[in-house]
Amino acid sequence: MSYWLMKSEPETYSIDDLVAQPRKTDHWDGIRNYQARNFMRDQMVKGDLAFFYHSNCAEPAVVGMMEIVGKAYPDHTQFDSQEKYFDPDSPSDNPRWLMVDVRFRRKFSNIVTLRAMKAEKRLSDMRLVQRGNRLSILPVSDREWRHILKMAGEV
DNA sequence: GCCAACGTTGGC
DNA sequence: GCCAACGTTGGC
């Protein structure tokens, strides 16, 4: 089992939006980056844990935790021309884009800001804290996971 | 297969 | 709103 960090813009979809879902579970659609897709397709398994990260906002931060409900399956929004993430070139018999279902676990009382993570020497290898990072799903090592939990006051 | 142009992400 | 980083596209 692995650990992950998954980004979402809170104005579009925040951790509170996930909490508001039935069974606090939702699908994580809209991933349109091959590397992020490959992580979902090849490495995510049921029971994996992921940080919920708020990006592109006033205070970018890890705000909570969720679990991966099951393995990746086709993202239906790629086939809907009304959708922002419509992809006319995706073959219907071999869908290009996948998504996973996620279930809310907890919100951190102390969110862990990007700024705070950048100040941690122990986290300096994380792709998240490196300059120019644009990947919306990132693997998190065991050590990084524990360290961020500690920063969140969760340990 | 190279690489310039272009589009998107996301911190600031 | 700016702009650096970087992924994708398409002409050659």
Side-chain angles (χ1 to χ4, degrees), chain A residues 2-21 26-44 48-68 72-102 104-141 143-145 147-154:
Chain A
S2 324
Y3 297 116
W4 304 96
L5 180 144
M6 297 167 78
K7 295 180 183 175
S8 184
E9 301 188 12
E11 284 195 16
T12 305
Y13 192 93
S14 74
I15 194 164
D16 290 324
D17 293 315
L18 178 59
V19 171
Q21 296 301 313
D26 206 353
H27 50 268
W28 198 268
D29 64 12
I31 299 297
R32 297 293 182 269
N33 168 281
Y34 289 106
Q35 200 176 350
R37 180 207 64 185
N38 294 347
F39 284 138
M40 291 195 289
R41 184 189 63 192
D42 303 333
Q43 295 185 49
M44 271 191 187
D48 280 1
L49 296 173
F51 287 133
F52 196 123
Y53 178 85
H54 282 170
S55 67
N56 201 15
C57 55
E59 194 165 43
V62 170
V63 295
M65 184 202 300
M66 56 197 172
E67 67 180 275
I68 307 303
Y73 61 100
D75 179 341
H76 56 85
T77 63
Q78 72 197 297
F79 299 123
D80 183 347
S81 61
Q82 302 302 110
E83 285 279 352
K84 177 184 177 192
Y85 292 108
F86 176 56
D87 182 353
D89 299 326
S90 178
S92 58
D93 57 350
N94 183 23
R96 180 177 291 178
W97 304 113
L98 303 174
M99 62 186 182
V100 292
D101 286 354
V102 296
F104 173 79
R105 274 288 191 90
R106 54 187 295 115
K107 275 168 80 168
F108 297 152
S109 41
N110 305 318
I111 65 169
V112 182
T113 62
L114 178 63
R115 197 173 141 79
M117 289 187 278
K118 281 186 167 172
E120 289 289 317
K121 197 143 191 283
R122 282 203 165 95
L123 299 178
S124 59
D125 288 339
M126 278 190 86
R127 190 157 169 187
L128 180 74
V129 307
Q130 286 160 6
R131 197 173 157 66
N133 167 53
R134 294 167 51 199
L135 197 55
S136 57
I137 298 180
L138 302 154
V140 176
S141 74
R143 183 193 300 158
E144 292 159 354
W145 181 268
H147 195 70
I148 292 167
L149 280 184
K150 193 184 285 184
M151 293 170 75
E154 294 285 320

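Not measured: the values here are computed from a predicted model. Naming: A, B, ... by sequence-line order, numbering from 1 per chain. Below, each value reflects all heavy atoms present in this structure, side chains not excepted, and no hydrogens, waters or symmetry copies.
Neither side chain, R32(A) nor S90(A), offers a donor N or O lying under 3.5 Å from an acceptor on the other.
Taking the ring pair (Phe, Tyr, Trp, His ring centres under 6.0 Å) definition, one finds that F52(A) meets it with W28(A), H54(A), sequence neighbours left out. In this structure, the side-chain contact (heavy atoms from CB on, under 4.5 Å) partners of N56(A), at least two apart in sequence or on a different chain, are E9(A). Looking at residues two or more places apart in sequence or on another chain, you find a side-chain contact (heavy atoms from CB on, under 4.5 Å) between R143(A) and S141(A), R146(A).
Using a 4.0 Å heavy-atom distance criterion, R127(A) is classed as a sugar-phosphate-only contact.
K118(A) has its NZ atom 6 Å from the C1' atom of dG11(B), to the nearest Å. As a whole-Å value, the separation of R32(A) CZ from dG10(B) C1' is 19 Å. Following rounding to the nearest Å, L114(A) (CG) and dG10(B) (C1') show an atom-to-atom distance of 10 Å.
Among I68(A), I31(A), L138(A), the one residue that satisfies the side chain to side chain contact (heavy atoms under 4.5 Å, CB included) test with M6(A) is I68(A).
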Identify all side-chain donor-acceptor contacts of residues 33-41 of chain A below 3.5 Å with residues at least two apart in sequence or on another chain.
residue: N33(A); atom: OD1; partner: Q35(A); partner atom: N; Å: 3.0
residue: N33(A); atom: OD1; partner: A36(A); partner atom: N; Å: 2.9
residue: R37(A); atom: NH1; partner: R96(A); partner atom: O; Å: 3.1
residue: N38(A); atom: OD1; partner: R41(A); partner atom: NH2; Å: 3.2
residue: N38(A); atom: ND2; partner: Y34(A); partner atom: O; Å: 3.3

Under 3.5 Å, which protein N or O atoms sit close to an N or O of nucleotides 4-6 of chain B? Give each pair with its distance.
none

Identify the pairs formed between an N or O of the protein and an N or O of nucleotides 7-9 of chain B at a distance under 3.5 Å, and give each distance.
residue: dG7(B); atom: N2; partner: R134(A); partner atom: NH2; Å: 3.3
residue: dT8(B); atom: O2; partner: R134(A); partner atom: NH2; Å: 3.1

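The shortest heavy-atom contact between F86(A) and D80(A) is CB-O, 3.1 Å.
We find the CG-CZ distance between L149(A) and F108(A) to be 5.0 Å, quoted to the nearest 0.5 Å.
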